[in-house]
Amino acid sequence: MNAATSTPAGGDVILRAEHLERRFGGLTAVSDFTFELRQGEILGLIGPNGAGKSTTFNLISGFLRPSGGRLFLKGRDVTGASTKTISRLGLVRTFQHHSLLSEMSVVDNILIGTFHQRLAHEKRMEKVREVASMTGLADHLQIIAGNLPHGLQRMLSIAIALAAEPQILCLDEPLTGLQGAEVGAALELFEKLRTTHGLTILLVEHNVRAVMRACDRVIVLNYGRLLAEGSPEAVSRDEAVIEAYLGRGR
Ligand SMILES: Nc1ncnc2c1ncn2[C@@H]1O[C@H](COP(=O)(O)OP(=O)(O)OP(=O)(O)O)[C@@H](O)[C@H]1O
């Protein structure tokens with residue numbers, strides 16, 4: 001593939017995983033997993049604990065090398081490429097657990113996100129102020145990150161990723177521990193990032209209700225394999241998904 005491939009059902013394919021596999025010793029965490037992420041969509045990746053969601057994130061962001069399969073980012077074969085190469089191509093991720101420098105200020109944390117760009121200090125600070133304003137952190141720039149309330153710490157993780165100016169933002173359980181209104185605000189932010197800033201978002205999240213609300217498409221992993229894929233409505237009604245993950249009470 002030399003260029004992004006057009007698909008009838010949405011934007012161009014910006015990321016494609018083909019038969020992705022990752023083994024840890026005798027355990028196959030991700031197996032024969034083929035999926036596409038299309039430009040401008042919000043794609044949800046869900047599944048039970050241990051299904052392989054974080055491993056998939058680590059594979060596509062270069063933190064792990066696949067044991068098999070291929071990865072294409074914007075038409076380029078990036079199988080086994082480094083995190084640096086992948087982030088330079090525009091794919092940036094957040095982490096499930098806090099990856100903040102909790103002893104440092106909010107502004108210094110966000111500055112870390114700008115490190116890969118060649119920018120004069122004032123341009124860096126402009127970027128910091130821009131992403132702080134988008135993520136509700138504008139009034140907290142001088143606060144020590146570890147002293148922020150939990151919800152704002154989650155927003156700071158996203159702000160650091162946004163400071164790297166991604167085209168594809170991969171969010172690993174960004175809603176964990178957020179309260180009702182905070183969840184709503186985070187979902188509004190994701191939608192705004194897509195509509196106003198043209199970002200493509202891959203969302204791994206256990207809050208299924210939020211995933212169904214926020215995503216255009218949903219992929220379900222189970223035991224490292226693709227179990228189902230489709231619109232939130234179709235996936236919610238899928239018998240195999242109900243059996244393996246959703247249960248009948250939701
Ligand atoms: N570094 C590792 N070494 C060995 N096994 C691992 C490693 N990372 C993940 N695994 C195993 O791979 C499987 C998939 O784990 P993974 O963390 O990708 O699942 P997950 O869907 O993200 O789960 P959760 O929803 O609990 O975060 C699990 O059985 C896990 O124990």
Side-chain angles (χ1 to χ4, degrees), residues 15-37 42-71 73 78-83 86-87 91-100 150-151 153-154 157-158 160-161 168-178 182-183 186-187 190 200-215 217-230 232 235-236 238 240-247 249-250:
L15 173 77
R16 178 169 167 81
E18 287 179 2
H19 308 292
L20 204 58
E21 178 169 302
R22 174 66 202 203
R23 293 186 297 271
F24 296 108
L27 176 98
T28 304
V30 171
S31 181
D32 195 20
F33 184 25
T34 294
F35 73 94
E36 290 174 346
L37 180 63
I42 304 181
L43 175 67
L45 177 59
I46 62 174
N49 289 323
K53 305 179 297 293
S54 292
T55 303
T56 300
F57 252 45
N58 288 332
L59 290 169
I60 64 176
S61 54
F63 283 84
L64 279 176
R65 291 176 72 91
S67 314
R70 306 220 73 79
L71 274 169
L73 180 55
V78 292
T79 313
S82 66
T83 53
I86 287 175
S87 65
L91 186 149
V92 176
R93 65 168 298 180
T94 64
F95 290 85
Q96 193 170 335
H97 301 293
H98 289 315
S99 51
L100 307 177
H150 174 80
Q153 291 194 19
R154 303 302 292 186
S157 303
I158 296 173
I160 295 167
I168 304 173
L169 180 62
C170 297
L171 298 168
D172 199 354
E173 301 196 17
L175 307 177
T176 303
L178 297 192
E182 293 173 326
V183 171
L187 297 190
F190 304 161
T200 302
I201 298 178
L202 178 61
L203 174 65
V204 164
E205 183 49 57
H206 277 291
N207 181 336
V208 173
R209 203 180 290 249
V211 169
M212 297 305 181
R213 212 173 114 196
C215 294
R217 275 193 314 133
V218 177
I219 286 178
V220 189
L221 265 182
N222 195 31
Y223 294 111
R225 288 181 171 272
L226 180 68
L227 180 68
E229 176 178 4
V235 162
S236 305
D238 187 295
V241 177
I242 292 169
E243 199 61 45
Y245 185 47
L246 297 181
R250 288 185 204 232

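Start at 1 and go down the list; that is how both ligands and their atoms are numbered. Index from 1, following the sequence.
- Atoms CG and CG, on Leu37 and Leu73 in that order, are 9.5 Å from each other to the nearest 0.5 Å.
- Panel note: side chain Thr28, backbone Arg23; no donor-acceptor pair is recorded below 3.5 Å.
- How far OG1 of Thr176 is from NE2 of His150: 6.5 Å, rounded to the nearest 0.5 Å.
- Atom-to-atom distance recorded for Leu100:CG and Gln153:CD is 5.5 Å, nearest 0.5 angstrom.
- Listed as neighbours of ligand 1 are Phe24, Leu27, Ala29, Pro48, Asn49, Gly50, Ala51, Gly52, Lys53, Ser54, Thr55, Gln96, Glu173, His206, each bearing a heavy atom under 4.0 Å from the ligand.
- When each of Ile42, Ile158, Val204 is paired with Leu171, the side chain to side chain contact (heavy atoms under 4.5 Å, CB included) condition holds for Ile158 and for no other.
- A distance of 11.0 Å separates CG in Asp32 from CD in Glu18, rounded to the nearest 0.5 Å.
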